Participant: 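A single structure is presented below for examination.
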Number of protein chains: 2
Amino acid sequence: MNSGDSTLTDTKERILDAAEHLLAIKGFRGASLRAITGEAGVNLASVNYHFGSKKALLEAVIKRRIQPLNHIRRKRLEQVRESARQKGKKPDVKAALSAFIEPTLLFKESNPDAKKFFIFIGRSLTDPDDTVREVFLRFIKPIFHLLFETACEALPGQPREIIFWRLHFTIGALFHAMHISGNIKTKFLDVKTGIDANSLVNLILPFVTAGMKAK
Amino acid sequence: MNSGDSTLTDTKERILDAAEHLLAIKGFRGASLRAITGEAGVNLASVNYHFGSKKALLEAVIKRRIQPLNHIRRKRLEQVRESARQKGKKPDVKAALSAFIEPTLLFKESNPDAKKFFIFIGRSLTDPDDTVREVFLRFIKPIFHLLFETACEALPGQPREIIFWRLHFTIGALFHAMHISGNIKTKFLDVKTGIDANSLVNLILPFVTAGMKAK
DNA sequence: GTCTATACGATGATAGAC
DNA sequence: GTCTATCATCGTATAGAC
């Protein structure tokens with residue numbers, strides 16, 4: 001039983017918040033359980049009690065943000081395919097890309113606490129830690145395949161392998177942008193990091209749309 | 001004095017090779033001095049003797065590969081600007097991008113040992129470790145600015161801020177591609193990682209060129 | 001100049017009292 | 001459910017022998 005004072009957030013959530021913050025700025029190895037529990041104001045042992053291990057905590061942090069985001073991306077991508085099918089036309093490339101990119105970038109605004117998570121996503125696919133890449137890939141894979149199939153329908157003239165690589169370029173551009181726009185610390189190559197999500201959408205969409213359609 | 005057997009590589013180079021390998025697959029924190037010296041077959045203390053610290057070793061590893069690469073990129077970029085100036089025309093966008101991208105990707109072929117370094121470069125700008133980002137940025141910054149100025153001359157109609165962001169998208173796409181193409185371990189989102197450098201150049205150049213020119 | 005041995009702190013995880 | 005105490009391990013760096 002809690003000692004009477006039922007604070008705003010319970011232990012589990014406080015751990016998740018602190019872990020999210022420290023994972024973003026320090027990475028998986030750099031974010032020690034001592035630092036996480038210290039910031040959360042809970043005991044060191046509570047991580048292992050509530051989650052089982054550091055890796056399980058990582059999964060919980062990622063799942064909490066990615067699952068709702070994936071739900072939105074999936075819905076929007078299926079909407080693009082379905083409405084094109086009903087009109088008997090092929091899906092629009094920009095609409096397909098937007099269905100993936102826009103929710104990803106706007107997620108920051110809708111969820112102020114998730115801002116830190118931006119940096120983490122931006123690093124997710126190149127993280128030096130196998131564990132981080134593995135967990136993120138597990139969540140991203142199904143959405144990426146849906147995006148891939150939609151893009152193939154939108155660009156029937158292009159070989160699937162080219163579309164495949166171009167989507168990877170798109171993701172590389174998007175994640176890199178997320179990382180630097182979410183990073184408050186390093187002024188990255190003189191970039192103004194304080195760009196808002198909508199402006200970033202309007203900057204990246206024309207770039208990747210033109211890239212996907214190239215030649 | 002060495003004990004007679006002057007082996008192919010001396011201690012310092014053996015450390016650099018082992019460090020490059022382990023930094024690529026494990027990251028800065030994950031590549032322990034114990035593992036590096038173990039793989040190099042030298043004593044644990046020799047890193048601090050020859051380089052001074054782990055950070056200094058990191059700098060040496062990066063410098064060894066980046067300096068010759070930067071020399072080529074600089075020469076090619078200046079060539080693009082100069083030949084355009086002589087013809088009284090603006091530089092070609094694709095030529096400018098190619099001057100940066102092609103040497104970067106072909107470096108892998110010309111230098112078989114540098115293949116591991118690919119993964120490391122691909123992670124360089126999003127590395128969780130401040131040290132890694134700081135050192136890489138110091139080397140990349142001057143070349144990036146040269147690329148930026150060349151791109152501005154090539155696209156006089158576009159606002160500089162848009163060009164700036166689009167070059168960041170380009171670098172994001174390039175580095176992400178380098179990371180997954182250099183990564184032999186994880187089959188990344190079903191991508192065939194064994195792509196050769198020339199094919200990758202031919203895949204990415206049309207994408208980013210179209211992106212830069214968009215609208 | 002080079003290596004052996006070791007210092008000292010911090011890490012993830014657990015056992016067991018409350 | 002929560003906490004203190006402690007474990008074995010690993011990290012970087014140094015002091016001193018050859």
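All figures in this text were calculated on a predicted structure; none of them were measured in a lab. In what follows, every chain begins at residue 1, and chains take the letters A, B, ... in the order their sequences are listed.
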Participant: Check the interface with nucleotides 13-16 of chain D: list each N/O to N/O pair with the protein under 3.5 Å, or write none.
Facilitator:
| from | atom 1 | to | atom 2 | distance (Å) |
| --- | --- | --- | --- | --- |
| dA13(D) | OP2 | Lys54(B) | N | 3.2 |

Participant: Tell me the interatomic distance from Lys12(B), atom NZ, to dT2(C), atom C1', rounded to whole angstroms.
Facilitator: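 Spelled out: NZ on Lys12(B) to C1' on dT2(C) is 14 Å.
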Participant: Taking CZ from Arg14(A) and P from dG1(D), how many angstroms apart are they, rounded to a whole number?
Facilitator: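 Rounded to whole Å, this separation is 15 Å.
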Participant: Atom CG of Leu23(A) and atom P of dG12(C): how far apart are they, to the nearest Å?
Facilitator: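 Checked: the CG to P distance equals 11 Å.
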Participant: Nearest-Å distance, CD1 (Ile36(B)) to P (dC10(D))?
Facilitator: 16 Å
Participant: Any sub-3.5 Å donor-acceptor pair from Lys108(A)'s side-chain atoms to Met178(A)'s backbone N or O?
Facilitator: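 Side chain of Lys108(A) to backbone of Met178(A): no pair is present.
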Participant: For dC3(D) and Ser46(A) - does any side-chain N or O of the residue sit under 4.0 Å from the phosphate oxygens OP1/OP2?
Facilitator: no
Participant: Would you classify Ser32(B) as touching base, sugar-phosphate or nothing, given that sugar-phosphate means primed atoms plus P, OP1 and OP2, and contacts are heavy atoms under 4.0 Å?
Facilitator: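 Sugar-phosphate: the residue Ser32(B), judged by heavy atoms under 4.0 Å, touches backbone atoms but no base.
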Participant: Using whole Å, report how far CG of Leu57(A) lies from P of dG12(C).
Facilitator: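 Atom-to-atom, Leu57(A) to dG12(C), this comes out as 11 Å.
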Participant: Which atom pair, heavy atoms only, marks the closest approach of His179(A) to Ile119(A)?
Facilitator: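 Closest approach of His179(A) to Ile119(A), heavy atoms only: CD2-O, 3.3 Å.
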Participant: What is the distance, to the nearest angstrom, from the CZ atom on Phe51(A) to the P atom on dA13(C)?
Facilitator: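 Atom CZ in Phe51(A) sits about 13 Å away from atom P in dA13(C).
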Participant: If you measure from the Lys or Arg side-chain nitrogens to the Asp or Glu carboxylate oxygens, is any gap between Asp17(A) and Arg14(A) under 4.0 Å?
Facilitator: no
Participant: OP1, OP2 of dG1(C) versus side-chain N and O of His50(B): anything below 4.0 Å?
Facilitator: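 The answer is no; no side-chain N or O of His50(B) sits under 4.0 Å from OP1 or OP2.
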Participant: Hey, would you say the Phe144(B) and His168(B) ring centroids sit under 6.0 Å apart?
Facilitator: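 Yes.
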Participant: Are Arg76(A) and Ser98(A) side-chain neighbours, meaning at least one heavy-atom pair lies under 4.5 Å?
Facilitator: yes
Participant: So, using ring pair (Phe, Tyr, Trp, His ring centres under 6.0 Å) as the criterion, who are the partners of Phe51(A) when residues are at least two apart?
Facilitator: none
Participant: Ile15(A) has an atom CD1; how far is it from atom P of dG1(D), in whole Å?
Facilitator: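 Result: 13 Å.
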